[in-house]
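Worksheet: the structure to be examined is printed underneath.
Along the sequence shown, the residues carry numbers beginning at 1.
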Amino acid sequence: MPNLKDKTVFITGASRGIGREIALRFARDGANIVVTGKTADPHPKLKGTIFTTAKEVEALGGRALPLRLDIRDENSVAATVKETVERFGGIDVLVNNASAINISNTLATPAKRYDLMHQVNARGTFVCSQACIPHLMKSRNPHILTLSPPLNLNPKWFKDHVAYTMAKYGMSMCTLGMAAEFAPNGIAVNSL
């Protein structure tokens, strides 16, 4: 069964939660894991930093590169991708995991939270994909995996948290568009 031994996996939002779990699973295969996230210093209420995840990755047999990254800043994304390629020689898989969440209705969603969700979710996925694609094109088996839902226009998915659903669906729309756009380049683009 194929695995990710010696493949380079760039994961956004990998300091905790699902991103951390993905990093740990791929570490068991011996992958090079780029652990990105905004949390470099311990948070008083939330466990995990890019450095604690990196230590766990290495304990499981992977190689880790912890890099602080705010995916809203395209210059930081470009610099982080450049550092990844310099360290590991390329990128084989991008996991767009970073996401901002605010489960509130329209009247309870401040514009600042709306902006944050759209900047992190849809825009961040687009910017990270855009920066990684030139390197993915050089991989033998390139993949982009985005953690976002299937598109479903049933109002039940919007009515209680329209801003959040829109932001997550933006990620899913990146998947649909990029899957078609980069199929001729052999890049598999999917959502989970």
CG/L69 to OG/S15 distance, rounded to the nearest 0.5 angstrom?
11.0 Å
Is there a path of hydrophobic side-chain contacts, each under 4.5 Å between heavy atoms of I/L/V/M/F/W/Y residues, joining L4 to V189?
no
Heavy atoms, side chains only, cut-off 4.5 Å: are M137 and P142 in contact?
no
Please round to the nearest 0.5 Å and tell me the distance separating atom CG of N97 and atom CZ of R20.
12.5 Å
Would F88 end up clustered with L60 when hydrophobic side chains under 4.5 Å apart are linked, directly or stepwise?
no
Indicate the atoms forming the closest heavy-atom contact of A64 with V57, along with that distance.
CB-CG1, 3.9 Å
ILVMFWY cluster, L94 and L67 together (side-chain gap under 4.5 Å)
yes
Do T125 and N96 have side-chain atoms, one donor and one acceptor, less than 3.5 Å apart?
no
Just how far is it from atom CD of E74 to atom CD of Q130, taken to the nearest 0.5 Å?
9.0 Å
Any idea which heavy atoms bring G37 and I50 closest together, and the distance?
N-CG2, 3.5 Å
What I'd like to find out is whether the side chain of F158 reaches to under 4.5 Å of the side chain of L153, using heavy atoms alone.
yes
Salt-bridge test for E86 and K82: reply yes if a basic N is under 4.0 Å from a carboxylate O, no otherwise.
yes
When you measure from the side chain of N185 to the backbone N and O of I187, does any donor-acceptor pair fall under 3.5 Å?
no
Within the side chain of T165, is there an N or O that forms a donor-acceptor pair under 3.5 Å with the backbone of V162?
no
How long is the span from the SG atom in C128 to the CD1 atom in I133, to the nearest 0.5 Å?
11.0 Å
Could you verify whether a donor N or O on one side chain and an acceptor N or O on the other, from S76 and D70, lie under 3.5 Å apart?
no
Where V81 and A131 come nearest, the two heavy atoms and their spacing:
CG1-O, 3.7 Å
Carefully, step by step, assess D92 and R140 under the rule salt bridge (Lys or Arg N to Asp or Glu O under 4.0 Å).
CA-CA 8 Å; D92 300 291; R140 291 179 56 164; over 6 Å; no
Going through the distances and angles, do S191 and T146 end up as a side chain to side chain donor-acceptor pair (under 3.5 Å)?
CA-CA 5 Å; S191 285; T146 300; 5.0 Å; no
To the nearest 0.5 Å, tell me how far E83 CD sits from L65 CG.
5.5 Å
Where is the tightest heavy-atom contact between F51 and A40, given as atom of each residue plus distance?
CD1-O, 3.4 Å
Run the side-chain contact (heavy atoms from CB on, under 4.5 Å) test on D6 and R63 for me, step by step, so that the C-alpha distance in whole Å, both residues' side-chain angles and the decisive distance to 0.1 Å come before the verdict.
CA-CA 9 Å; D6 299 323; R63 286 176 297 286; 2.7 Å; yes
Would you say that I144 contacts C132 through its side chain, given a criterion of any heavy-atom pair below 4.5 Å between the two side chains?
no
In short, I33 meets A27 closest at the heavy-atom pair CD1-N, 4.2 Å
Should M117 and N102 count as side-chain neighbours, where that means a heavy-atom distance under 4.5 Å?
yes
Start with the C-alpha gap between D160 and N105, add the side-chain angles, then the distance that decides, and say whether side-chain contact (heavy atoms from CB on, under 4.5 Å) holds.
CA-CA 5 Å; D160 294 325; N105 65 34; 5.9 Å; no
Hey, does F26 have a side-chain heavy atom less than 4.5 Å from the side chain of N3?
no
Is there a path from V77 to V85 through hydrophobic residues (I, L, V, M, F, W, Y) whose side chains come within less than 4.5 Å of each other?
yes
Using side-chain heavy atoms (C-beta onward) and a distance below 4.5 Å, is I11 in contact with T36?
no
Least distance between heavy atoms, V120 atom then A100 atom
CG1-N, 3.7 Å
Using atom types as modelled and distance alone, determine if a side-chain donor or acceptor of H143 lies under 3.5 Å from a backbone N or O of N141.
yes
Side chains of H161 and M166, heavy atoms from C-beta outward: is any pair under 4.5 Å?
no
Side-chain ion pair, R25 and D29, N-O less than 4.0 Å:
yes
Is Y169 atom OH crowded by more than 12 heavy atoms from other residues, nucleotides or ligands, each under 6.0 Å away?
yes
Between K168 and L147 (side chain of the first, backbone of the second, donor and acceptor by atom type, cut-off under 3.5 Å), is there such a pair?
yes
Dump the intermediate steps for side-chain contact (heavy atoms from CB on, under 4.5 Å) on F10 and V93, then the final yes or no.
CA-CA 6 Å; F10 189 103; V93 177; over 6 Å; no
Just wondering, do T84 and I91 contact through their side chains at under 4.5 Å, heavy atoms?
yes
Please say whether more than 12 non-hydrogen atoms of neighbouring residues, nucleotides or ligands are located less than 6.0 Å from CG in L24.
yes
If you round to the nearest 0.5 Å, how far is NZ of K112 from CG of L116?
9.0 Å
Do the side chains of V9 and L136 join up, straight or via other hydrophobic residues, at under 4.5 Å, putting them in one cluster?
no
